[in-house]
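Residue numbers begin at 1 in each chain, while the letters A, B, ... track the order of the sequences.
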There are 2 protein chains.
Amino acid sequence: MVDLDFLLDTAATLIRIPSWNGDESAAQRAVAEIMSGIGLKTDEWTIDLPRVQGHPAASWEIDRKEALGLVGTLEGDGSGPTLILNGHVDVVPPGDEHLWTYPPFEPVVEDGRLYGRGSLDMKAQIAAGLAALKAVSDSGVTQTGSVRLQSVIGEEDGGIGTLATILHGGGADGAIVMEPTALTIAPVQAGCINFRLRVAGHAAHGAVRDEGVSAFEKAFHIYAAVQALEALRNEGQEADPMFASYPTPFPISIGTMAGGDWASSVPDHLAMEGRLGIRPDESPDAARVEFEAAVAEAANADDFLRDHPPVVEWWGGRFLPSQTPLDHALVRSLSASVREELDTDAVLQGVTFGADAGLLQHVGNTPVVLFGAGDIRRAHRPDEFVEIDQLETMARTLARTIVRFCGEA
Amino acid sequence: MVDLDFLLDTAATLIRIPSWNGDESAAQRAVAEIMSGIGLKTDEWTIDLPRVQGHPAASWEIDRKEALGLVGTLEGDGSGPTLILNGHVDVVPPGDEHLWTYPPFEPVVEDGRLYGRGSLDMKAQIAAGLAALKAVSDSGVTQTGSVRLQSVIGEEDGGIGTLATILHGGGADGAIVMEPTALTIAPVQAGCINFRLRVAGHAAHGAVRDEGVSAFEKAFHIYAAVQALEALRNEGQEADPMFASYPTPFPISIGTMAGGDWASSVPDHLAMEGRLGIRPDESPDAARVEFEAAVAEAANADDFLRDHPPVVEWWGGRFLPSQTPLDHALVRSLSASVREELDTDAVLQGVTFGADAGLLQHVGNTPVVLFGAGDIRRAHRPDEFVEIDQLETMARTLARTIVRFCGEA
């Protein structure tokens, strides 16, 4: 049913095209060609970035020269529910290539794994989606509802591609974001927003350190307050079965820290950048208010920071949370297909990472789940890989779900 | 006796020449011209940087294209003690010029102060030294000992200019480093060495923060250990009258901190750069060993750091400490001259900042004190300034000291 050679060839073709830092057009053109090759109707357009960036849900970090939109459709007869498969062609930077055993842009198959940047997150998953569509198409049976595969740019820096695609072509009756969930079904997804904390100090020569105030020491104080807030925000979350397996489903994680200009001066500034996890039932605005209040309270408890309060900035990537009822037809169709493929009950659990699902739900008004091959913990790292048997299962499960959800004509 | 117009004109001329980031030749040429103008014999040469940098006491941070040496001599008859006046023409970067009320390279005289980058640290002090030599020269009385004004480059980044000048022309019977001491006499100077601490973490996606180890949190642990070591190293130092006025005469101050690459990843690396104060009676090597042991001990007390110990690097600027007995002829001559000028006993106290004095003592075998106009606390800051009355007193005191120390023929 599923053509594994096609799946792996497609994945390898896409991995070979570096598509980070906003250079995504070559990857989009390659996907478009493959879509045409398997008989999908393709819709390709140049995204009007300034217009999309003006939307209230827009977020992005990279200033692109060009952004392409791409949707490949397997037409139904128009009488049944429509389905979106969503996958992003952009990848995170390879980082220090010396840390890779396998070259990031030369896909390697070894021990049942496919290695390469984007093998997991998420070019091979796009390939699996295409393989599923090819299998349904090759079967010769028309569906009542059409299936649209959205190949999008800009997920890693905030989802501008999915937003543009929704604004261009609207939502559907259901959407599957093909992020790696290790074949579990995620009807619920935490959101996250990026923050920057600017903490002040008072400069002095390091030789008379006592006369200054170290921005680092003040930053430690704020860091501790942020950690306390994280504990508070995650209290009792283990009662939610969707997040029971996570010790901290909605982390506040600080990822960069930089301050001071001169080794022998007392630093008068430090900036920390991080991500604030959003609960599925929470608005990002409410989370922002809570975060700012916690920082202000911590500052108020410190003699220096009371007069020099830290500045909180919200910037870059912003991922809305999403949740779809567990008894929705999409969840049921996908669960039934997983059970058929794996001969065991599907595992349903929430995911804590941000992705494009929130945009599909909140802007596209589309019930959405995440489902895909591979372990997200391997993402954004050297020697990223995905298990090939999971990829094949994913493609077969998607093909079954298309038939089940969209209906045979 | 002292020509104040000459002093201020000279200071202004030098402040107008930006001389940071290794671009010091224009300033050296200007000083040479002024030296010739007041009748000093000048010795100018191009420093053989690779040769000087091979010396065990060499330290520098900036890779210079060109470095000029310059000494202006007021010849004595050769029968008396020789004196060195030492001043550096390099300045620290102006930083954000918007933070300056006065433009950094356009000297302004206002309310008895001279403003501008280098007004305090230490172009105006070179001008005061030149004014003192001019006064002695203009008096027509020959000294028994000659006086050499060393105009040097590269003090702010480790003293390569003073080292080159000592290697070129040797030491003397006494040296005055004309750093701003607010007209106190500093026969004792702490040293300092720069360190870098690299602290590891374990990367993970910020969405599953618990699966990583934050390099920041580990860095806080090491920071606390460094602070504890600072307290230990400064314990009981208030008993030393030379440092009684400093709460912490030998600070360990961390001035830069940078780590992590991505807001939503758990950071696996952080580097801190700082300066370690050296006691006058201590060897930098002994201080290094103590510091490394304290870091290792702190790492050993932490489950993660025990297996991923921080790396300590010693880099860039390194300033040897110096001390000259309080009853040395140089200290006595300068004290007597201060008493005559200020009509009060000279204040003798140590300084905690690094300067070129250590090189003059340890490489040049020259007893050395620091003495100059202005408050060092204003150095390395926007709106650096020096009090003009202090500059004039400094010049007059230096002229008296030359006559007293070198002897009238």
Side-chain angles (χ1 to χ4, degrees), chain A residues 61 92-93 95 190 192 194-196 203-212 214-217 219-220 223-224 227 230 246-267 270 272-275 277 315-317 351-354 376-377 379-382, chain B residues 61 92-93 95 190 192 194-196 203-212 214-217 219-220 223-224 227 230 246-267 270 272-275 277 315-317 351-354 376-377 379-382:
Chain A
E61 291 167 30
V92 295
C192 75
N194 281 357
F195 59 83
R196 187 179 294 113
H205 197 290
V208 284
R209 182 169 103 75
D210 334 74
E211 299 181 7
S214 167
F216 301 163
E217 293 173 20
F220 300 165
Y223 191 97
Q227 284 190 292
E230 182 197 59
Y246 298 94
T248 313
F250 314 113
I252 309 181
S253 178
I254 291 182
T256 76
M257 185 177 268
D261 301 311
W262 191 262
S264 56
S265 293
V266 176
L270 179 136
M272 302 187 272
E273 292 178 343
R275 52 95 74 199
W315 65 284
V351 296
T352 64
F353 58 86
I376 189 74
R377 290 170 177 82
H380 299 204
R381 290 200 197 178
Chain B
E61 291 167 29
V92 294
C192 73
N194 282 356
F195 59 83
R196 187 179 294 114
H205 197 291
V208 285
R209 182 168 104 74
D210 334 73
E211 299 180 8
S214 167
F216 302 163
E217 293 173 18
F220 301 166
Y223 192 97
Q227 284 190 293
E230 183 196 60
Y246 297 94
T248 312
F250 313 114
I252 309 181
S253 179
I254 290 182
T256 75
M257 185 174 270
D261 301 311
W262 191 262
S264 55
S265 294
V266 175
L270 180 137
M272 301 186 274
E273 292 179 342
R275 53 95 73 198
W315 63 283
V351 295
T352 63
F353 58 86
I376 187 74
R377 288 169 178 80
H380 298 203
R381 289 199 198 180

Heavy-atom check, side chain of [X] versus side chain of [Y], under 4.5 Å:
X         : Y         : answer
Phe216(A) : Met272(B) : no
Pro93(A)  : Trp262(B) : yes
Asn194(A) : Glu273(A) : no

Exercise: identify the closest heavy-atom pair between [X] and [Y]:
X         : Y         : value
Ser265(A) : Ser253(B) : O-OG, 4.3 Å
Trp315(B) : Ala263(A) : CZ2-CB, 3.6 Å
Gly260(B) : Pro267(B) : CA-CB, 3.8 Å

Looking at Ala204(A), Pro251(A), Ala258(A), which one has more heavy-atom pairs under 4.5 Å with chain B than the rest?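 Max contact count across the listed options: Pro251(A).
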
Take Glu217(A) and Arg209(A) through the salt bridge (Lys or Arg N to Asp or Glu O under 4.0 Å) test and state the conclusion after the steps. CA-CA 12 Å; Glu217(A) 293 173 20; Arg209(A) 182 169 103 75; 3.2 Å; yes

Counting only heavy atoms closer than 4.5 Å, note whether [X] contacts chain B via side chain, backbone, both or neither.
X         : answer
Val92(A)  : side chain
Thr248(A) : both
Phe353(A) : both
Ile254(A) : both

So what's closer than 4.5 Å to chain A heavy atoms on [X]: side chain, backbone, both or neither?
X         : result
Ser264(B) : both
Ile376(B) : neither
Asp261(B) : backbone
Arg196(B) : neither
Phe250(B) : neither

I'd like to know if the side chain of Arg381(A) and the backbone of His205(B) have a donor-acceptor N/O pair within less than 3.5 Å.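 Not at all, since once roles are kept as given, no pair shorter than 3.5 Å links the two residues.
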
Quick check on the interface: out of Gly95(B), Cys192(B), Gly206(B), who has the most heavy-atom pairs with chain A under 4.5 Å?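 So the answer, after comparing Gly95(B), Cys192(B), Gly206(B), is Gly206(B).
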
So which of Pro249(B), Ser214(B), Gly274(B) has the biggest tally of heavy-atom pairs under 4.5 Å with chain A?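 Option with the top pair count is Gly274(B).
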
